[in-house]
Amino acid sequence: MPDFLAQLNPEQRAAVTLPEQHALILAGAGSGKTRVLTARIAWLLTTSKAAPHEIMAVTFTNKAAKEMRVRLSAMLPVNMHGMWIGTFHGLCNRFLRAHYREAGLPQSFQILDVSDQLSIIKRLLKSFNLDEEKFPPRELASFINAHKEEGCRAADAKAYDEHTKKRVAVFTEYEAQCQREGVVDFAELLLRTYEVLLRNEPLRKHYQARFRHILVDEFQDTNHLQYAWLKLLAGPRTASPETPGTPDSTEGQETGAAETPEGACLFAVGDDDQSIYAFRGADVGNMRDLEREFAIASVIRLEQNYRSFGNILDAANALIKNNHGRLGKNLWTASGAGEPISVLECVSDVDEAHCVVDEARKCIASGVPRSQIALLYRSNAQSRVLEHQLFSAGVSYRVYGGQRFFDRQEIRHALAYLRLIANPDDDTAFIRIVNFPTRGIGSKSLDALKDAALRANSSLYNTASSLAGQASAAVGNFIRLMERLRSETRDAPLPEAIERMIVQSGLKQHYLNEKEGRERLENLDELISAATAFLDEATPEENETAMDDPLASFLAHASLESGEHQADEKGDAVQLMTVHAAKGLEFDTVFITGLEEGLFPHENSKEKHEGLEEERRLMYVAITRARKRLYLTTAYTRMLHGQTRYCMPSSFLDEIPENLLRKSISAWAKTYGKSPERWNPSDLRPGVLNMTSALTLRKSKMEASGKTAAFLENKEVNGFRIGQNVTHAKFGPGVILSAEGYGSDARVQVKFSQSGPKWLSLAYANLTPA
DNA sequence: CTGCAGCGTTTTTTT
DNA sequence: AACGCTGCAG
């Protein structure tokens, strides 16, 4: 037996050596999912069941794809050329580059990122004379993306009311505009690929015959379009090609049909309990659908966990049991129970940060590497306080997330120059840089240019250059600058071309003049290094195109691998990230902070029933990141949006059995919590503005049976309750909508009939019952 | 055309 | 608290 099989447990081995058929592997957290995936490929290759070019492996992140490649090449000396390993978007990009004609795209089509997409939408709104208040661009963007992810074009979009009809009109024009500019957004990469395969039978047959094994990682995160795409590629024995989402009437008969020579075996690995991306279109339901539509006889469950001690797993299992409609799974471990889980109550977010950092330092002192300590939080805003305390304590740390390298302003400007060099029709790039650095082209000349372009049915760049004499001198200068850049960079090596562009465009001078420009200049230098690195270590699929058109493929790389660049680890540092960002990672010691009702679970997800379940899965992911030690922390008060919020402990804390926990209260909460009357301002820790109110909250918590700070719901506070009509000396009559805070610190939101809703402090507002 | 002041917003995020 | 965007004045 080869090594890669010998190292597996029986379930893992069963999965890896399944006969050539469709399979669904339910792989719990820490159960060796990636190992099974790679071992499966190794097994297919070494037993000659498939040649490298007959295998496709799809992931969601570049990191996961890279990991797979690395581990595979460590397992056997396989030539990975010809094997399609990559992200959904990366593989679709590869497909569209190869078949740009069939897809109706220009050869060097560019990929639109989120903010480019937004800027196109804003432009269209203006041309439609629609109000951004009534049609928020972000909302329109998700409207468009959501439709595309359901396989739905503007022409197919349903609209019964005027408002939606207008949104569809923008959608229609958006599609046309992208087509004119020769750009595609992320969803379009997938949809366009799907449509080409659907409509072009020879091409479809070719790929169906080519790929005999399709392996999918994190299947629970697929959206409907991705699933439909997989079905299409997997071949005719699955559902007939229909628009995704449409019920398929013939499928029942076809699933049972005899095996056809074309078509691939689908090997999907996923964990429904770790589905945390429904908010962006992922549908766990795809797992059930896969099981049914691909007639999967038995789902293999990987339940042995190699990561965490028993107490941690028990906590995770107990928590996730509260979700409904699970496929069902219970993690177990051969290692012992380990230490109990520490639950720590603190007075404030600042107090919490103090305690966490203190505890982390103890861990470091006892020999845990800093990089094995993770501080997790629900939302990015929470990192600030933690960072502050880490900094004061002199503990080195690293924050993940935040803005990515390719998302920085200076990089986006530089990339826009490159895009306009590669593709003059890219209006989005044109608008971004035509007056940056400022060169005297304001909104007036730009509007004139837009009008002319509209009349000529041509791109801004082409219009401007054909208008040579008539346009303003400044516009003419810009066109000449771009022409010069285009000719000078054509034959230069990529890094050198970028360097010239940075100088000649004036970007360099601009940032030299800027006070905070030094870091930006360093980033621009980094962009040049990134180009050098790209040429050196392009992935196989990138290499196919990198030869003929290095610039276009570098730009695609920049769009598709925006996160990769910040992954460089610098030294041994404590890791700070959101729970979402922690998915797929593991640490010896994990702190889950901010466990308060309204924050985690987040209040915005509590309206929908499924929202709370997704939050619970998020908590499940967070817990299962820990190998040896887990801390759960909660605070009575927290600064949010510049205001102190009064919090209740997260309901998730109640869902973990008491016997797994070791509860404690922070020194501050203990000392002052017992005798609030002894408090005085000098006792207060910086950042905690009103500790008395925090204490009052504790008291109220004992009294109140309900959760959250909406304490006024059934009872009066200071003589007021929600729904009550009141009068204010200045604003007149109104009604109380909601309330927060306690005692002297209580505030209420009053909707006044004349001036709308306002937040008022009960102590000062002097409201009178009406 | 440019620069600045004031306003509103604020979950999670990969590609 | 902090950032981005809009509107206004120079």
Side-chain angles (χ1 to χ4, degrees), chain A residues 58-65 86-93 111-119 122 132-133 136-138 142 145 148-149 184-191 193 217-218 221-223 225-226 275-282 349 376-385 388 400-404 406-407 409 434-447 472 474 556-564 577-584 594 598-607 611 614-615 617-619 621-622 638-645 687:
Chain A
V58 202
T59 65
F60 276 87
T61 65
N62 294 298
K63 203 173 152 198
T87 62
F88 278 98
H89 294 84
L91 295 179
C92 287
N93 177 52
I111 300 164
L112 227 47
D113 69 24
V114 184
S115 66
D116 294 328
Q117 190 184 24
L118 233 44
S119 93
K122 282 181 189 166
E132 285 197 11
E133 305 268 282
R138 292 178 65 97
S142 15
N145 293 336
K148 288 190 179 186
E149 281 163 7
V184 297
D185 59 40
F186 286 123
E188 185 72 29
L189 281 172
L190 291 162
L191 181 54
T193 302
D217 190 19
E218 307 274 21
D221 286 337
T222 52
N223 62 34
L225 180 56
Q226 286 159 339
S275 154
I276 54 174
Y277 286 111
F279 72 92
R280 64 175 199 216
D349 50 352
L376 306 184
Y377 35 81
R378 174 68 237 265
S379 66
N380 279 307
Q382 291 167 248
S383 76
R384 194 166 219 90
V385 199
H388 183 81
Y400 286 75
Q403 95 276 55
R404 283 149 228 295
F406 286 106
D407 275 345
Q409 188 212 85
V434 67
N435 197 36
F436 191 94
T438 49
R439 41 174 78 89
I441 303 171
S443 56
K444 221 179 97 199
S445 7
L446 199 54
D447 282 348
S472 72
H557 167 86
S559 305
L560 292 173
E561 304 208 14
S562 51
E564 215 68 345
M577 65 193 86
T578 62
V579 180
H580 281 93
K583 186 173 165 206
L599 187 62
F600 196 3
H602 199 280
E603 51 203 338
N604 291 12
S605 35
K606 290 174 77 179
E607 286 155 26
E614 177 144 321
E615 293 289 306
R617 291 192 291 269
L618 199 51
M619 182 65 184
V621 168
R638 183 173 298 275
M639 270 300 236
L640 207 62
H641 311 325
Q643 284 183 332
T644 307
R645 292 272 298 259

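No experiment lies behind these values; they were computed from the predicted model shown. In what follows, every chain begins at residue 1, and chains take the letters A, B, ... in the order their sequences are listed.
When the P atom of dT6(C) is taken as reference, atom NZ of Lys122(A) falls 6 Å away, rounded to whole Å. For the pair Gln117(A) CD and dT13(B) C1', the interatomic distance rounds to 14 Å; values are reported in whole Å. The nearest whole Å value for the distance from the CD atom in Glu133(A) to the C1' atom in dG7(C) is 13 Å. Atom CG in Asp185(A) sits about 16 Å away from atom C1' in dT13(B), given to the nearest Å. Rounded to an integer number of Å, the gap from CZ of Phe406(A) to C1' of dT13(B) is 18 Å. Rounded to whole angstrom, the span from the CE atom of Met577(A) across to the P atom of dT14(B) amounts to 12 Å. Between the C1' atom of dT13(B) and the NE2 atom of His89(A) lies a distance of 12 Å, rounded to the nearest Å. In this structure, the CD1 atom of Ile111(A) is 17 Å from the P atom of dT14(B), given to the nearest Å.
Residues satisfying the ring pair (Phe, Tyr, Trp, His ring centres under 6.0 Å) criterion with Phe436(A), sequence neighbours excluded, are His413(A), His510(A). Asp185(A) is linked by a side chain to side chain contact (heavy atoms under 4.5 Å, CB included) to Leu112(A), Gln117(A), Asn145(A), Lys148(A), Tyr174(A), Ala187(A), Glu188(A), counting only residues two or more places apart in sequence or in another chain. With sequence neighbours left out, the side-chain hydrogen bond (donor to acceptor under 3.5 Å, both in side chains) criterion links Thr59(A) to no other residue. In this structure Arg439(A) satisfies the side chain to side chain contact (heavy atoms under 4.5 Å, CB included) test together with Tyr417(A), Asn435(A), Pro437(A), Ile441(A), Phe478(A), Leu481(A), sequence neighbours excluded. For the salt bridge (charged side-chain N to carboxylate O under 4.0 Å, His left out) test, residues two or more places apart in sequence or in another chain that qualify with Glu603(A) are Arg645(A). Legend: residues meeting ring pair (Phe, Tyr, Trp, His ring centres under 6.0 Å) with His602(A), ordered by chain and number and at least two apart, are absent. Applying the salt bridge (charged side-chain N to carboxylate O under 4.0 Å, His left out) criterion to Asp116(A), with sequence neighbours excluded, gives Arg412(A), Arg419(A).
Remark: the Asp113(A) side chain and the Ser115(A) side chain contain an N/O donor-acceptor pair separated by less than 3.5 Å.
Here the nucleotide nearest the side chain of Thr438(A), chosen from dT15(B), dC5(C), dT2(B), is dT2(B). Of the candidates dT14(B), dT15(B), dT12(B), dT14(B) carries the atom nearest the Arg280(A) side chain, counting heavy atoms from C-beta on.
A donor-acceptor contact shorter than 3.5 Å links the side chain of Arg617(A) to the backbone of Ser275(A).
Note on Tyr277(A): only backbone sugar-phosphate atoms sit closer than 4.0 angstrom, heavy atoms only; bases stay farther off. Within 4.0 Å of Val579(A), counting heavy atoms only, lies no atom of the nucleic acid at all.
Side-chain nitrogen and oxygen atoms of Thr578(A) include at least one within less than 4.0 Å of the OP1 or OP2 phosphate oxygen of dT13(B). For the pair Asn435(A) and dT2(B), the criterion of a side-chain N or O lying under 4.0 Å from OP1 or OP2 is met.
Judged by closest nucleotide on DNA chain B, Gly440(A) is the one of Gly440(A) and Leu618(A) placed further toward the 5' end. Checking Phe186(A) against Ser445(A), the closest nucleotide of DNA chain B that is more toward the 5' end is the one next to Ser445(A).
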Please write out each protein N/O paired with an N/O of nucleotides 5-11 of chain B under 3.5 Å, distance rounded to 0.1 Å.
| residue | atom | partner | partner atom | Å |
| --- | --- | --- | --- | --- |
| dT11(B) | O4' | His602(A) | NE2 | 3.1 |
| dT11(B) | O2 | Arg378(A) | NH1 | 2.9 |
| dT11(B) | O2 | Arg378(A) | NH2 | 2.5 |

Extract from the structure each pairing of a protein N or O with an N or O of nucleotides 8-10 of chain C at less than 3.5 Å, listing the distance.
none

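One finds no salt bridge joining Arg280(A) and Glu149(A) here, because no Lys/Arg side-chain nitrogen approaches an Asp/Glu carboxylate oxygen to under 4.0 Å.
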